[in-house]
Amino acid sequence: ESMARMAQGFSMRTLLIDGQGNFGSVDGDPPAAMRYTEARLAPPALDLLADIGKDTVDFIDNFDGTLSEPLVLPSAIPNLLVNGATGIAVGMATNIPPHNLGEVIDACVFMLEKWDKLDNVKPADLMDFIEGPDFPTGGIIIEQKGEEGIEAAYGKGRGRVTIQAKAHFEEMERGKSRIIVTELPYQVNKSSLIERIAEMVREGSLEGITDLRDESDRQGLRIVIELTKNVEPEKMLAALYKRTPMQSAFNINLLALVENEPRLLNLKQALRVYLDHRLEVIRRRSEFDLEKARARAHILE
C-alpha cells in the first residue's frame, strides 16, 4: 500500500514510483492486486537515493538483523515538504501539506545565499518563494476571517487552511445553467461527495438541482450539476461549499523528528534542518571520494 500511494498522482505532489496498471483512483477504489501491476522508481526517487553507496548516511540492522537499512536517505530533494507527511503517535501528530518543488528549492537557494546572516532571514521572507501549500488535486486556498492561516503555519508551525473546489458556471438552453467542478480539495473522495449531494437532494434539504453527473475521464475531473431555471448558480455554489466537502479545512502541523526528537518547526527551521543534512551528506561523500582517490594513488605509486 505504501508503494501504491507513491504512484498515485492525486496523493503525491511529486511521484516517487512510476506505476503501470491500476493504482487506485480519487473515488477511493483500491489498487489492483500485486500481480496485475508493475512499478519502477520515478526520477525524483533516484534523487532521494543519490550517493547512498558513498557512506553518506548511517546504516543500521533491519528488524531481524539479516540486512542493513539506512537510518535516513541522502535526499537530494526536500521530500518532507514537497510530498508532505501525515502521522499519528501517542500525544502528538504531524500533518505537513505538499509543496511545489521549484518553490521549495528557490527558498533553499535564498537561505544558502544568506547563510552567514541567517538570523536576519524570517519565515515571512521565505514566503516570497513558498506562498502556500501546493496540493496535487488543485483547488483554491482561501483564508477565513480570524483563522490561524498560512502565516501562522509557516511562522509557528501550526495553522489551518481552507480549500475550496474549483468550479465555474455554464449557460444551458431555456435560461438554465449548470455548475462544473474541475478541482476538488485534497483527500476528498469524489464518489462520496457526489453521493452526499444526491442524498441532500433526495431529502429535500438542497433544492434546485435537476441532474448530477460525473463526467470525469483521463483528461481530468469534471462533475456536472444542472440547476432549475429559478435558481441562482452563485447561491447554489455557496450552499454546496457550506454544506458539502467541496470546501474543507486542512490543519497544518509541522512536527518532525530532528535527531530522534519530535520538534514543532516553522518554515525556516524545516528548511535549515534539511540544508544542514545536505551539507553533512556532501561532506561525507567528498571524504569517501577522497579516500578512494588516495587508495588508487597509492596503487599507482
May I ask you to decide whether Asp211 forms a salt bridge with Lys176, counting only side-chain N to carboxylate O separations under 4.0 Å?
-> no
Between CG on residue Asp61 and CD on residue Glu69, distance to nearest 0.5 Å = 8.5 Å
How about Tyr186 and Phe10: are their ring centres within less than 6.0 Å of each other?
-> no
For Glu183 and Gly139, indicate whether the former's side chain and the latter's backbone hold a donor-acceptor pair under 3.5 Å.
-> yes
Check whether more than 12 heavy atoms from other residues, nucleotides or ligands sit under 6.0 Å from atom CD of Glu38, and answer yes or no.
-> no
Side-chain H-bond candidate by donor/acceptor type, Asn100 with Asp134, under 3.5 Å = yes
Hey, any chance Val273 and Met92 share a hydrophobic cluster, counting ILVMFWY side chains that come within less than 4.5 Å of each other, even indirectly?
-> no
Cluster check Ile163, Leu221: I/L/V/M/F/W/Y, side chain < 4.5 angstrom = no
Hey, does the side chain of Asn62 reach the backbone of Leu67 with a donor-acceptor pair shorter than 3.5 angstrom?
-> yes
N-O pairing of Glu280 and Arg283 below 4.0 Å | yes
Could you tell me whether the side chain of Trp115 reaches within less than 4.5 Å of the side chain of Arg272, counting heavy atoms only?
-> yes
Roughly how far apart are Leu48 CG and Asn79 CG, rounded to 0.5 Å?
-> 5.0 Å
So do the side chains of Leu126 and Phe110 get within less than 4.5 Å of each other, counting heavy atoms only?
-> yes
Are Ile52 and Val57 close enough that some pair of their side-chain heavy atoms sits under 4.5 Å apart?
-> yes
In terms of hydrophobic clusters joined by side-chain contacts under 4.5 Å, are Ile142 and Val188 together?
-> no
Quick one: does Asn253's side chain have a donor or acceptor within less than 3.5 Å of a partner on Leu255's backbone?
-> no
Step through the shown structure and confirm whether more than 12 heavy atoms of other residues, nucleotides or ligands are within 6.0 Å of CZ on Arg285.
-> yes
Take atom CD in Glu287; do more than 12 heavy atoms of anything else shown fall under 6.0 Å from it?
-> yes
Any side-chain donor paired with an acceptor under 3.5 Å for Arg13 and Asn83?
-> no
Taking the side chain as C-beta and beyond, is there a heavy-atom pair between Leu184 and Lys190 under 4.5 Å?
-> yes
Leu267, Leu264: one ILVMFWY side-chain cluster at the under-4.5 Å cut-off?
-> no
Measure the spacing between CG of Leu212 and CD1 of Ile223 and express it to the nearest 0.5 Å.
-> 7.5 Å
So Ile141 and Thr162, side-chain contact (heavy atoms from CB on, under 4.5 Å) or not? Walk me through it.
-> CA-CA 6 Å; Ile141 292 174; Thr162 303; over 6 Å; no
Is Ile179 reachable from Val224 through a run of I, L, V, M, F, W or Y residues, each pair having side-chain heavy atoms under 4.5 Å apart?
-> no
State whether the number of non-hydrogen atoms from other residues, nucleotides or ligands found under 6.0 Å of Gln20 atom CD is greater than 12.
-> no
Side-chain contact, heavy-atom cut-off 4.5 Å: Leu237 with Met246?
-> yes
Give a yes or no on whether the backbone of Asp29 and the side-chain of Asp27 come within a donor-acceptor separation of less than 3.5 Å.
-> no
Here the pair of heavy atoms bringing Ile150 nearest to Val161 is CG1-CG1, 3.3 Å
Is the closest side-chain heavy-atom distance between Thr244 and Met200 below 4.5 Å?
-> yes
Val104 and Tyr274: CA distance, side-chain angles, deciding distance, side-chain contact (heavy atoms from CB on, under 4.5 Å) verdict = CA-CA 11 Å; Val104 177; Tyr274 170 69; over 6 Å; no
Output for pair (Ile252 CD1, Asn95 CG), nearest 0.5 Å, gives 8.5 Å
Check: Pro185 and Pro245 side chains under 4.5 Å, non-hydrogen atoms | no
Working to the nearest 0.5 Å, report the span between CE of Met236 and CZ of Arg178.
-> 15.5 Å
Heavy atoms of other groups near Asp64 CG, more than 12 under 6.0 Å | yes
Check against side-chain contact (heavy atoms from CB on, under 4.5 Å), Gln187 and Phe135 = CA-CA 9 Å; Gln187 292 170 336; Phe135 295 103; over 6 Å; no
Value for CD1 (Ile282) from CG (Asp289), rounded to nearest 0.5 Å, stands at 11.5 Å
Answer yes or no: is there an ion pair linking Arg213 with Glu226, defined by an N-O contact shorter than 4.0 Å?
-> yes
For residues 59-99, the ring-ring contact (aromatic ring centres under 6.0 Å, His included) pairs (sequence neighbours left out) are His99-Tyr154
Tell me, do Val181 and Arg222 make a side-chain contact under 4.5 Å, heavy atoms counted?
-> no
Other residues, nucleotides, ligands: >12 heavy atoms within 6.0 Å of Glu1 CD = no
Flag if over 12 foreign heavy atoms under 6.0 Å of CD1, Ile60 = yes
Near Glu170 CD, under 6.0 Å, is it more than 12 heavy atoms from other residues, nucleotides or ligands?
-> yes
